[in-house]
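Chain A is the first sequence line, chain B the second, and so forth, proteins listed ahead of strands; every chain is numbered from 1.
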Amino acid sequence: MTRPRRPGRDDDPDRLYTLTGGRSRSDSDAFDLVTLVVSECEPTPGMQSEHVTILRMCQLPTAVVEIAAGLGLPVSIVRIMLSDLLDTGRISARHPRTARVADRLPDPEILEQVLVGLRNL
Amino acid sequence: MSPSSRPTAVALLISLAVTGSLCLWAVVAAPDSVRTALAWGAGATAVVLSAAVAVAVQARANAGRLRARLASETQRFTGEISRLVSASAAEGQRFTAETARIKSAAAAETARLRSAVEAETARLTAQAAAETERLTAETERLRARATRSETERSAAVAACANAAGRMQALATSMLADLRDMEHRHSAEDVLGDLLHLDHRTAQAGRLADSIAVLTGARSGRRWAKPIVMESILRGAMGRISGYQRVRLHSTSDVAVAGHAAEGVMHALAELLDNAANFSPPTAEVHVYVEEVPAGIVLTVEDSGLVMSDVQLRRAERAVSATDQDLTGLSGTRLGLAVVGRLARKHGLTVSFRPSARGGTGALMMLPQELLTRAPVPAPEPARPVSEPEPTHGTAPAGTGTAAVAPDARRPQHAPATAGPATPAPADSTPADSPAAETTGHLPRFGESGLPKRPRGRTLAAAEARAHAHGDGDGAATPRPRTSDPKEQAARFSSFRQAVRPNTPHPEEGNTR
């Protein structure tokens, strides 16, 4: 049994450019692969189905890359759609605090010990 | 004195003289006593005698004259009669001769005419034969020419159909390649170019589809699954150059059966293309979807040129299901002819009317036979993206129920989707079920907003339904072959039921 959608498999009639109205780059750079997205409202009738799906997926914080995988769409396309949703206030985006995470990285020595311990397992 | 009275006078004189002298003699000779009486008597007798002689002479002369006259008259009569007889005889002869002459002349004329008629007839017959021969030759020549041109035409059409089919195949594979590349290249520049190429290829594919439709080749790709209305609209929109001006208004969750989806998309694309081409380059084209009892009405409205009554009628005729020959085809206006062909093939009804937006509105009705409700979403327990493909047998318990769920859920689901407030049937799926609450176990939604069923699940469900007893997931666990013919037949029929309506063989996928 195959997966329902293999990325890149051409089994849907709608082309990617119709999803974004022909745009290939997003206006905002608010999104990268790991940006967490939370939906702010319920989907409404008449919405583009991808938007509906995104809003449904993002009831809990979800990373952009996961959304892209869930939709089976390229990340760039998903980012454009997320920008649209962000502009209309339907979602909010939150970036993981990578900078402070880097600050809080454990001591390299501890990490080395852990690595040694793992190898000894 | 007349000549006839002259003898009378002479006779009178002579008798007077004779009798006078006799009287005189007598008187002289007679005694004196009787002389006087005698003189009177003799004188009177002499006068009377003379008168009688004169009268007799006169009468005799008259008689002779009359006799002569009678004789002459008689002779004249005879002459006249003989003249008349001879004249009549001559006349009769002349008449006979004339009659004979006329007769002969008539006979001659008749003969001449007859011969002339015969000659004319012969000439005409010969001419007609020659003409017939010429016409036969001409007909033969024309027939040969018609046959040849028919052969040429069918050969040309076949060549066009073949080329169009190959173009279609090429376009389809190019689209697949492009989609593959769009997923592989994440750089925005590259993606933009790929999208551009994608759009161009889709338009080329539509042209190839048009030629294929007009030449009667097989239709384009056949979708293996029902295509939801949103994808139909977007698929149609993506094939025209001005797709960015198209605005879709659809809340319908109806899907079009896979075998007709391509035709519907193509016809709609042609209507959209017409609408976009015949309206100002900045005007929007609106597409509305309306569910009616007979099916679905797609309305394409532009705000461009208003079609006159004549143009509307012409357009209606072009798309009507009766007029299907290629003679009215012009090189640049293929669209409506294509729509007409597709309408006849799939039973679509297309009509035109002036639009409330100021332009023209095109209505296309899809009959109920082409429509299915969106395939009932199996509440598929989501798998992490990277998880290898699980089988039914090894899946968690939820998967096992999902295999039979579609059929069990269908009746409950249909009324739920009829409401206008539920655009996607996913609303009724337990999206908020525990399985969906973690991001790692999202249900897999398609682009249509619907959870998607994996391929082959229908087969499994049908198997499970056919063998209502506890075979469990019969599709996944191979069963020992049975030798019971009835069971084999049942198994085969359930296989056919499972394969035919919705899901083709998994390996076929959406091949054309």
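A salt bridge links A:Asp84 and A:Arg23; the closest N-O separation between the charged side-chain nitrogens and carboxylate oxygens is under 4.0 Å. No salt bridge links A:Arg90 with A:Glu42; every basic N to acidic carboxylate O contact stays at or beyond 4.0 Å. A salt bridge is absent between B:Arg239 and B:Asp273; no separation between the charged side-chain nitrogens and carboxylate oxygens falls under 4.0 Å.
When the candidates B:His199, B:Met181, B:His196, B:His185 are compared by the number of heavy-atom contacts under 4.5 Å with chain A, B:His199 comes out ahead. Note: A:Pro74 leads A:Pro74, A:Ser76, A:Cys58 in heavy-atom pairs under 4.5 Å with chain B.
Heavy-atom distances place both the backbone and the side chain of B:Asp189 under 4.5 Å from chain A.
Although no hydrogens or angles enter the test, the distance criterion places a donor-acceptor pair under 3.5 Å between the side chain of B:Arg247 and the main chain of B:Gln244.
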